[in-house]
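Here's the structure, in structure tokens; my notes come after.
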Amino acid sequence: MSSRLIGVGVGPGDPELVTVKGVNALRAADVVVVPVMDTGERGRAEATVLHYVPAEKVVRVVFALNERTDRARREAAWDAAGGRVVELLRERGTVAFATIGDPNVYSTFTYLAQTVTESVPDTVVETVPGITAMQDLAARSGAVLAEGTEPLTLVPVTAGAAVLKDALAGPGTVVAYKFGRQAGEVAEALRETGRMGDAVWGSALGLPEESVRPAAELGGAPLPYLSTLIAPPRRDGGRGGKL
């Protein structure tokens, strides 16, 4: 029988935002893998998983989660992580990989699945969707992500503040991920494009240190890496004006 690798989205941090299907997948798996950085501290995915499965079922695997400059180090870390998961698949059969947010949206699971299937091509790969940070921030702040015919653009600011500025110059709501280290540049882009007014940002959503604030309060100081920004467009014309 083929082994199964299941990417399970466990949401942005609040354990109550894991779906029923996600909880069932975590509990049904033979082992649950959670990603950790080489510094070893517990991440959001692990903290969330431990609300639903016993610690002895969880295996911590080191990933180069934030490595963008040293490609050789990043590739070596992915290969090592993939090798460990292949071992677990052969030993246990079904492995769930817990990832914050959704496994198909800027997730480490994508690279893990590619690595594993290159080694074991008959591995069955599945995903269970998770609630994203932009959905959670919209709910907590009251921001509307999209209405009528508006587009919705998602930009990782790791691609550069210029990419965000181009998106802000266009129509519809713009969501920015991973912008904390470039908070000052993000604030400048919002001001230059006239998008500051209704924009909001949040970090540590659903956790004790949660912060949800108007973007107008952004300064030049760095914020947590996983900060999220929502910049809605101007919505004139009343109810249904965007239809």
Side-chain angles (χ1 to χ4, degrees), residues 2-29 31-37 43-49 52-53 61 63-68 74-75 77-79 81-82 85-86 88-89 94-139 145-146 150-159 163-164 167 172-179 202 205-206 225-230:
S2 298
S3 53
R4 295 171 66 219
L5 175 62
I6 308 170
V8 181
V10 296
D14 184 345
E16 293 186 344
L17 292 182
V18 185
T19 66
V20 173
K21 186 171 185 177
V23 171
N24 289 340
L26 294 172
R27 290 176 173 169
V31 64
V32 178
V33 169
V34 294
V36 296
M37 293 188 289
R44 292 191 199 180
E46 182 178 4
T48 303
V49 164
Y52 297 105
V53 299
V61 176
F63 285 78
L65 294 172
N66 298 332
E67 181 58 67
R68 297 183 59 82
R74 182 176 69 236
E75 296 281 354
W78 286 346
D79 288 343
V85 171
V86 167
L88 291 169
L89 285 166
T94 299
V95 174
F97 178 86
T99 179
I100 59 171
D102 183 279
N104 294 305
V105 180
Y106 299 130
S107 171
T108 305
F109 180 73
T110 300
Y111 312 121
L112 175 65
Q114 290 172 352
T115 304
V116 168
T117 53
E118 286 172 3
S119 298
V120 189
D122 64 344
T123 301
V124 175
V125 177
E126 303 171 7
T127 57
V128 177
I131 292 173
T132 61
M134 64 178 169
Q135 292 170 288
D136 195 13
L137 178 57
L145 285 170
E150 292 174 351
L152 175 62
T153 303
L154 176 59
V155 177
V157 182
T158 48
V163 176
L164 173 63
T173 296
V174 176
V175 176
Y177 275 2
K178 305 176 183 179
F179 80 90
L205 300 174
Y225 174 70
L226 292 177
S227 295
T228 299
L229 173 83
I230 297 176

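All values derive from a computational prediction rather than experimental measurement.
- Residue Asp136 holds its CG atom at 5.0 Å from CG of Leu205, rounded to the nearest 0.5 Å.
- Proximity of a side-chain donor or acceptor of Arg27 to a complementary backbone N or O of Val53 within less than 3.5 Å is not detected.
- The closest side-chain heavy-atom distance from Lys178 to Val157 is not below 4.5 Å.
- The line from CD1 of Ile131 to CG of Leu17 is 4.5 Å long, rounded to the nearest 0.5 Å.
- Note that the CG atom of Leu154 and the CE atom of Met134 stand 5.5 Å from one another [nearest 0.5 Å].
- Contact check for Phe179 versus Pro156: no side-chain heavy atoms found under the 4.5 Å cut-off.
- Residues Val10 and Val8 have side chains in contact (heavy-atom distance under 4.5 Å, counting atoms from C-beta outward).
- With a 6.0 Å radius and a threshold of 12 heavy atoms from other residues, nucleotides or ligands, Tyr111 has its OH atom at or below the threshold.
- Put simply, CD1 on Ile6 and CZ on Phe109 are 8.5 Å apart, with the number rounded to the nearest 0.5 Å.
- Not a single donor-acceptor pair under 3.5 Å links the side chain of Asp14 to the backbone N or O of Gly206.
- The shortest distance between side-chain heavy atoms of Pro103 and Phe97 does not fall below 4.5 Å.
- Glu118 and Thr115 form no side-chain donor-acceptor contact under 3.5 Å, judged by distance and modelled atom types alone.
- Contact detail for Ala25 and Ala96: the closest heavy-atom pair is O-CB, 4.4 Å.
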Original post:
Taking it one step at a time, do Ser107 and Thr99 satisfy side chain to side chain donor-acceptor pair (under 3.5 Å)?
Top reply: CA-CA 7 Å; Ser107 171; Thr99 179; 3.0 Å; yes

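- Using a 4.5 Å heavy-atom threshold, the side chains of Thr153 and Thr173 count as separate.
- In this structure, Asp102 and Pro129 approach most closely via the heavy-atom pair OD2-CA, 3.2 Å.
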Original post:
Under the side-chain contact (heavy atoms from CB on, under 4.5 Å) criterion, do Val61 and Val36 qualify, and how do the steps go?
Top reply: CA-CA 6 Å; Val61 176; Val36 296; over 6 Å; no

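- Each of Val116, Val31, Thr94 was evaluated against Leu89; a single residue qualifies, Val116, per the side-chain contact (heavy atoms from CB on, under 4.5 Å) test.
- Tyr177 and Tyr106 have perpendicular rings, their planes meeting at more than 60° on a 0 to 90° scale where under 30° would count as parallel.
- Here Ile100 pairs with Arg44, Ala45, Leu226 under the side chain to side chain contact (heavy atoms under 4.5 Å, CB included) rule; sequence neighbours left out.
- At a threshold of 4.5 Å between non-hydrogen side-chain atoms, the residues Val174 and Leu164 count as touching.
- Asn104 is linked by a side-chain hydrogen bond (donor to acceptor under 3.5 Å, both in side chains) to Thr127, counting only residues two or more places apart in sequence or in another chain.
- Here the CH2 atom belonging to Trp78 is positioned 11.0 Å from the CG atom belonging to Leu112, to the nearest 0.5 angstrom.
- Looking at heavy atoms from C-beta onward, Tyr52 lies in side-chain contact with Val18 at the 4.5 angstrom threshold.
- Pairing each heavy atom of Gly13 with each of Thr48, the nearest pair is O-OG1, 3.7 Å.
- Counting heavy atoms from C-beta outward, Leu145 and Val175 have side chains that approach closer than 4.5 Å.
- Within the model, atoms CZ of Arg4 and OG1 of Thr123 stand 11.5 Å from one another, a figure rounded to the nearest 0.5 Å.
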